[in-house]
Amino acid sequence: MMSFDLSIPGQLSLALLPELVLAVGAMLLLLIAAWGRESDARARTVGMLAIVLSLITMAIIVWMWLSGAKATPGIIAVDSFRWATDLVILIATIITIALGLDYARVEQLVSAETYVLVLLASAGMMLLTSARDLIMVFLGIELMSIAVYILAGVNRRSAKAAEASLKYFLLGAFSTGFLLYGIALIYGATGSTDLATIGTKVTGATIGSQPMLLAGIALLLVGFAFKVAAVPFHMWTPDVYEGAPTPITAYMAAAVKAAAFAALFRVWREAFPGALGSWHLALWWLAALTMVVGNIIALVQKNIKRMLAYSSIAHAGYLLVAVVANNQLGSAAFLFYVLAYTLATMGAFGVVIAVGEPGERHQQLSDFAGLWTVRPWLAAAMAVFMLALLGFPIAGGMGFFAKWYVLQAALDATHPETGLAVLLVLTSVLSAGYYLAVVMAMFMRPRSADAPALRPVRTPTFLVVYASAIILLFFGIFPGGFTGLARNSVPTITASAPSASPPTAVAGR
Amino acid sequence: MPNGFVYEFLFYLFGLTAIVSAAIFVTRRNAVAAALWLVNTMFCLAALYIMMDAQFVGAIQVLVYAGAIMVVFLFVVMLLNLGLPPSVADIKSKGARIIALVAGLAMLAELLVLARQKLPAELPWLPRETSVTTPITEPLFRTYLLPFEITSVLLLVAIVGAVVLAKRRS
Amino acid sequence: MHPLAGSIAELVWLLPILPLIGFVINGAISLFTSFHAGPADPSAAHGEHDVAHAGHEAPDTHDEHAAPKRAPLHAIVTIVGPLVLLLAFGLGVAIFVAMPSHMATPFVKTFFAWMPVGTDLPIHWAFQVDQLSVMMVLFVTGVSALIHIFSVGYMGDDPGYARYFAFLNLFVAFMLVLVLGASYPVMFVGWEGVGLVSYLLIGFWFNDKANADAGTKAFIVNRIGDFGFLIAMFLIWSNVGTLDFSGVAAGVGSLPAGGPLLTTICLFMLLACTGKSAQIPLYVWLPDAMAGPTPVSALIHAATMVTAGVYLVARSSFLFSLSPVACLTVAVIGAVTALFAATIGLKQWDIKKLLAYSTVSKIGYMFIGVGVGAYVAGLFHVITHSFFKALLFLGAGSVIFGMHAAYHHTHSTEDAQDMRNMGGLRAYMPLTFVMMWIATLAISGIPIFAGFFSKDEILGSVIARAADSTLADVHWLGIPGSAVLYAVYVLALAGAFLTALYMTRMMLYTFHGPNRTGVEEQAHLHEAPPLLTFPVVVLGVLSVLGGIINLPAFLHLPAGWTGALDQWLAPVVGDATLHVTHGVAAETPHEVALVGLAIVVAIAGIVTAFVKLKPAALVPKRDAQPATGFERVLENKYYVDELYDRTVVTPVVAVSRSFLWKGIDAGLIDGVLVNGSAWFMRGLARSGSWLQTGQVGAYAWAIVIGVLAVLGAFTLR
Amino acid sequence: MVPEALFFSAILFVIGVVGVLTRRNAIIIFMCVELMLNAVNLSFIGFSRLYGASGQVFVIFVMSVAAAEAAVGLAIIIAIFRHHETVDLKNINLLKGWCSNCPWPNRVECIRLPAPSPSWCGCCRYCR
């Protein structure tokens with residue numbers, strides 16, 4: 001049983017051990033990467049070491065989780081919600097790097113720094129998931145985002161990648177302005193940036209007389225909505241996802257979204273439960289619009305990466321339903337959902353990499369036609385991912401339960417969100433139209449005569465794709481253990497909420 | 001020192017100058033001119049900071065923002081040779097500008113509810129003999145030590161990123 | 001201690017596992033052996049699709065008369081595929097035998113905690129062995145085993161032989177999960193699973209685009225139904241707090257009987273049923289689904305999966321019986337569908353399409369049965385229908401097999417499924433001829449055949465409920481319940497007349513009169529091989545004798561002969577039935593007269609067909625004139641597909657394309673550009689060129705509009 | 001003077017937003033974002049008059065973030081300039097929902113066909 005007193009710097013750094021290991025390790029890798037002439041072999045070495053480093057960090061997290069680490073209320077949280085999301089983020093990191101190793105070979109990219117940047121971005125995400133202070137939220141988001149801006153444009157030969165990077169950067173910086181203004185106004189209204197302290201000041205009774213607080217919450221919500229790509233703040237998503245290198249796209253779709261959602265959950269659960277009446281309307285509409293628009297626009301997409309981009313928007317909508325539910329079940333549903341979604345989405349992008357040709361060609365739906373006849377296992381894995389995203393039981397593995405829990409959370413809310421639940425089910429019925437289009441193309445269309453011969457699937461992609469599919473299927477049949485874990489990972493998020501512990505005196509003085 | 005007529009006059013003067021400079025900055029067709037007007041805004045802001053008992057931040061504002069960041073901007077503008085031809089202005093059409101202005105005014109109107117917020121009383125001014133850095137050091141290196149360290153990682157990422165992106169195409 | 005504990009019923013988990021093993025073995029074989037796409041199959045939809053013609057004229061598939069190359073490891077597949085089903089059937093019989101004659105409570109075998117719901121009521125992966133599920137298991141495995149055997153002969157030359165059996169096994173596995181599941185979620189897994197596999201099987205010959213589209217259509221329509229299922233489940237969960245059948249049955253009493261909540265739950269469930277069981281308004285997928293291999297149609301689209309909706313209503317009888325309005329809706333939908341599909345069936349030329357509409361119509365009858373609370377009658381009809389409809393499909397398969405073989409020999413590209421190309425087949429396929437007549441008499445409701453008893457029980461129940469039941473007491477859309485029920489009876493009777501008519505028409509055009517296949521082809525027409533005829537004969541016997549399981553009381557047979565199924569299912573649906581009938585065993589007034597009327601109607605249908613239809617005057621398909629007037633409407637299935645296309649599919653695509661995608665993503669102005677007039681386009685294009693997509697500026701605008709909206713939602717209140 | 005500072009701050013922020021909406025030059029848009037950050041800084045300084053020096057600390061963090069963003073952003077802009085010889089966003093839209101050859105979006109995607117027949121897919125009239 002570890003317990004940290006976060007007001008002591010030494011103990012604070014111990015509580016941040018995983019982040020420290022990851023960041024310091026990344027810096028060491030940077031030294032290796034920068035040492036001497038850059039070569040393909042060196043880049044691969046760095047990539048491998050980055051995977052090892054992520055695994056070490058995961059081991060540390062698991063160790064700290066198992067040893068029941070606790071902490072006094074402070075600037076960061078030490079709870080299982082953090083550990084759980086960190087693990088998801090690190091899984092996404094490992095998948096990204098593994099896919100990146102293959103991708104670099106296909107596209108003939110040599111950039112060892114890419115892997116270091118991925119690690120540093122992940123460190124930023126992990127800080128974000130642990131942040132219990134709005135300034136930490138801001139810095140975590142920025143660390144993550146700036147690294148991802150760079151990663152999107154890391155393929156210097158590609159004009160599309162540069163454009164994706166620019167669009168993401170400009171709009172991201174723009175949204176950061178709103179986020180920061182929101183933080184400023186919340187600070188101005190409550191005199192603190194500490195979530196628990198804010199939570200004590202934000203009560204349903206006084207919220208009406210605090211317009212500054214309301215405006216602050218609104219702008220903070222805008223900042224988060226941009227990061228999770230909620231409609232109407234989603235418009236960068238398809239362009240950036242299409243233009244960015246595919247492993248980075250997968251990283252954005254999974255890890256960035258997971259981290260931003262984790263922060264959104266924590267902030268909303270710890271700081272603003274008292275303002276439910278104020279934010280409910282806006283979040284409700286965000287969730288509804290995101291589900292509807294994301295799903296409908298996805299129907300007409302022919303480029304797989306764009307289709308998956310709209311799909312990721314739609315899934316952000318489903319997750320927003322869990323935010324609106326604003327209960328413990330919602331947070332548990334989020335953890336389950338985000339793992340299922342991460343595996344399915346990243347696996348799908350892995351298949352896209354395996355099917356694609358150098359120069360990011362052959363990413364149209366038609367290029368998947370008849371995949372079953374040439375790569376049956378790849379097609380089967382892709383079918384699992386599509387069905388998981390669709391939320392189909394058994395064959396879609398965890399995807400079904402993911403949606404199920406979100407629905408449950410929505411109906412379990414204090415005021416059951418029946419409307420959103422119905423909308424969720426309806427829009428996911430709609431989503432069959434585009435997910436099944438992929439399945440149909442793979443299994444029921446002949447391979448076009450001029451389709452290029454597929455490259456052999458390389459080991460990292462192979463491992464990533466099949467491991468994801470197997471995990472999805474396994475937890476789809478036996479979700480029990482994992483859901484228990486997810487549910488138990490929730491309560492501590494509110495352990496430091498106003499009623500449970502006195503406001504901390506750490507911040508804002 | 002504060003709260004005399006001169007103080008208030010100067011406060012409004014700097015504030016309005018900042019706003020007017022910003023407005024001019026937004027409307028200049030020439031990128032170099034625009035950047036210089038933005039520098040002017042930042043100087044005015046620095047003055048406001050100092051007048052609000054944040055002398056250290058005011059100094060940083062001049063050094064870092066107006067001095068370093070804006071110089072880099074100007075440098076890039078010059079490097080890409082964007083300063084000169086005003087004929088190919090990159091500003092949008094008049095209609096677009098008017099609609100943007102309307103949106104801006106709407107946003108301002110929504111933000112004006114802030115005026116209804118009751119704020120606590122202002123803190124007393126620091127005694128004149130205090131060093132201007134003292135009030136900042138305590139929170140910066142104690143309470144916010146962790147965020148402070150994170151900014152160092154952030155800058156490292158920025159450096160690596162700039163190098164990666166600006167390298168010649170292989 | 002439950003009487004079944006420790007008995008062979010403990011092995012209930014093996015039931016779905018056995019076909020699953022078959023799936024794994026056959027699937028592995030199909031994956032690891034060489035893979036060729038393409039139909040080498042008799043009934044791959046010809047004639048209707050030009051695409052198919054092109055495929056059939058390809059030299060590599062059809063120019064060889066030598067014995068076709070068989071798929072690798074053919075023998076293993078042949079053994080494994082049907083064997084697992086026979087084993088499962090055997091196990092089902094063993095469980096049936098082990099069950100005591102009166103078992104008041106179901107035997108629930110829990111395997112593991114599957115879905116922790118909330119904190120205290122986890123949903124287990126559990127199977128329920130009771131009278132209803134055992135009945136379903138017996139007929140699902142039994143009929144499936146026969147169809148598997150038929151498939152060995154029918155699909156033997158198909159290159160996808162192993163894949164076909166893998167899918168077929170998987171289908172049965174899911175179907176068994178569906179009927180054995182002890183809670184709604186477990187049932188839902190089977191429910192979704194059979195949908196998925198049927199999608200794969202319909203699109204089995206996937207190089208024909210129409211087939212793939214039919215599969216997709218089936219899947220998406222089914223998803224709409226699944227939406228209803230999910231919503232119903234959540235409503236139950238949030239109001240009763242559990243999803244186990246036993247738990248819901250116990251807890252549902254606390255809800256207001258007949259209240260809006262129960263009705264809503266039942267109606268959403270009904271939506272699910274209409275999707276799976278192809279009822280109005282979601283029936284459109286079933287006729288198209290005939291694109292798959294014929295045995296698949298027999299198994300999935302006649303005998304098992306499509307009856308899942310009836311099973312769901314019967315399984316949820318504790319819910320439906322409490323909501324008379326929902327019950328009446330079920331009955332009305334069933335009656336309207338029964339008549340509607342029968343009229344369409346009247347004018348179909350494709351023998352499989354005709355049988356498809358016949359199926360839709362017959363399931364309508366089952367819905368009437370379970371709708372009026374005569375659950376046993378509905379389930380009885382499910383069983384007898386599975387016998388004679390599987391028989392009809394397999395018989396039709398034999399016919400198509402023979403026709404195709406004949407056309408194959410002469411390299412003709414005529415349609416092997418069009419009845420106008422048949423005629424006089426009785427001379428060539430005498431056994432099939434006899435069997436098909438048996439099935440026709442059974443489906444028409446001629447006494448002693450199985451269909452007669454089950455259909456008359458349904459019709460009788462309608463009259464009984466109209467006289468006295470909770471259904472008769474309520475108003476449905478402002479109409480008194482009893483009036484609704486009498487209307488249902490009239491519709492059903494009309495449907496019975498049409499059934500006899502169109503089935504006899506099919507027989508006349510297929511087997512009677514002169515042969516229209518072609519002079520050359522006649523030499524090659526002959527009876528199907530024994531592997532195909534054996535299951536047909538078994539089903540023929542069942543179609544004759546199937547009625548024995550629930551003979552009506554008015555026959556005054558010795559005790560134990562009548563109402564066997566009634567007594568068997570009483571522990572499951574008895575309470576619900578009694579609830580509908582005010583707690584007294586229903587007695588049908590004037591029962592003998594009603595039965596007589598039904599017989600007269602059926603015979604009238606057959607006689608009308610014989611009198612009115614002149615098979616001798618029929619011309620082969622290629623010489624046929626297009627139909628006119630109402631006939632054409634019927635031939636085009638009331639243009640429902642077109643209507644759906646125009647009213648649902650096109651607008652959705654249009655909304656998606658022009659409004660949401662282009663409107664929001666590509667810019668409002670541009671969306672108008674495409675759809676509006678050219679003048680409007682150019683005018684707006686100039687003023688609105690700033691909102692071009694791909695432009696960061698446009699995206700920033702979207703963000704600002706979002707900010708204004710969100711900020712407004714927070715502060716302007 | 002705190003309310004006045006907040007008022008100035010809001011106006012400056014909105015001017016930055018309007019700038020982002022009206023400009024097409026990537027660098028100027030970025031400068032407008034910097035203006036927005038500066039406006040927020042003014043608010044922070046104002047609040048530090050009410051709650052103590054932590055507001056000033058936040059400003060320092062924001063400045064470092066702005067510096068980092070500037071470094072990365074300008075590098076990205078230079079990379080764009082290398083590809084397009086311009087930083088006018090009007091000319092930078094390879095990425096959109098449809099074929100770059102299409103004058104307007106009536107198709108989802110036009111595809112360049114592979115080598116033997118180097119033409120556009122012909123999925124719309126502009127690709128033929």
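Letters A, B, ... mirror the listed sequences (proteins, then strands); counts begin at 1. A quick note: this is a predicted structure, and the numbers were derived from the prediction, not measured.
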Heavy-atom distance under 4.5 Å between the side chains of A/Leu170 and D/Leu89, does that happen here? yes
Can you tell which of D/Val2, D/Val62, D/Leu50, D/Leu6 has the highest number of heavy-atom pairs within less than 4.5 Å of chain A? D/Val62
Which one wins on heavy-atom pair count under 4.5 Å against chain A: D/Ile29, D/Leu37, D/Val72? D/Val72
Return the [atom1] to [atom2] distance between [X] and [Y], rounded to the nearest 0.5 Å.
{"X": "A/Lys167", "Y": "D/Ile80", "atom1": "NZ", "atom2": "CD1", "result": "9.0 Å"}
{"X": "D/Phe61", "Y": "A/Glu142", "atom1": "CZ", "atom2": "CD", "result": "13.5 Å"}
{"X": "A/Arg157", "Y": "D/Arg82", "atom1": "CZ", "atom2": "CZ", "result": "13.5 Å"}

Which residues satisfy the salt bridge (charged side-chain N to carboxylate O under 4.0 Å, His left out) test with A/Glu113, sequence neighbours excluded? B/Lys167
Using non-hydrogen atoms only, which part of D/Ser64 is less than 4.5 Å away from chain A: side chain, backbone, both, or neither? neither
Quick check on D/Ala10 against chain A: is it the side chain, the backbone, both or neither that has a heavy atom closer than 4.5 Å? both
Please classify the contact between [X] and chain D as side chain, backbone, both or neither, with a heavy-atom cut-off of under 4.5 Å.
{"X": "A/Leu180", "answer": "both"}
{"X": "A/Leu143", "answer": "neither"}
{"X": "A/Ala164", "answer": "both"}
{"X": "A/Ala189", "answer": "backbone"}
{"X": "A/Phe138", "answer": "side chain"}

Please confirm whether A/Phe169 and D/Phe30 have ring centers closer than 6.0 angstrom. yes
One pair to check against ring-ring contact (aromatic ring centres under 6.0 Å, His included): A/Tyr181 and D/Phe44. What are the steps and the verdict? CA-CA 9 Å; A/Tyr181 202 18; D/Phe44 270 126; 9.2 Å; no
For each of A/Ala184, A/Gly177, A/Ala162, tally heavy-atom pairs with chain D at distances under 4.5 Å, and name the one with the top tally. A/Ala184
So which of A/Leu185, A/Thr176, A/Leu166 has the largest heavy-atom pair count under 4.5 angstrom toward chain D? A/Leu166
Between the side chain of D/His83 and the main-chain N/O of A/Glu163, is any donor-acceptor distance below 3.5 Å? no
Does A/Ile183 form a side chain to side chain contact (heavy atoms under 4.5 Å, CB included) with D/Val40? I'd like the steps, not just the answer. CA-CA 9 Å; A/Ile183 291 176; D/Val40 179; over 6 Å; no
Working for side chain to side chain contact (heavy atoms under 4.5 Å, CB included), residues A/Phe174 and D/Val17: CA-CA 8 Å; A/Phe174 189 43; D/Val17 171; 4.1 Å; yes
Under a 3.5 Å threshold, yes or no: a donor from one side chain and an acceptor from the other, between D/Tyr51 and A/Ser192? no
Step-by-step side chain to side chain contact (heavy atoms under 4.5 Å, CB included) determination, A/Tyr187 to D/Ser43: CA-CA 10 Å; A/Tyr187 171 62; D/Ser43 284; over 6 Å; no
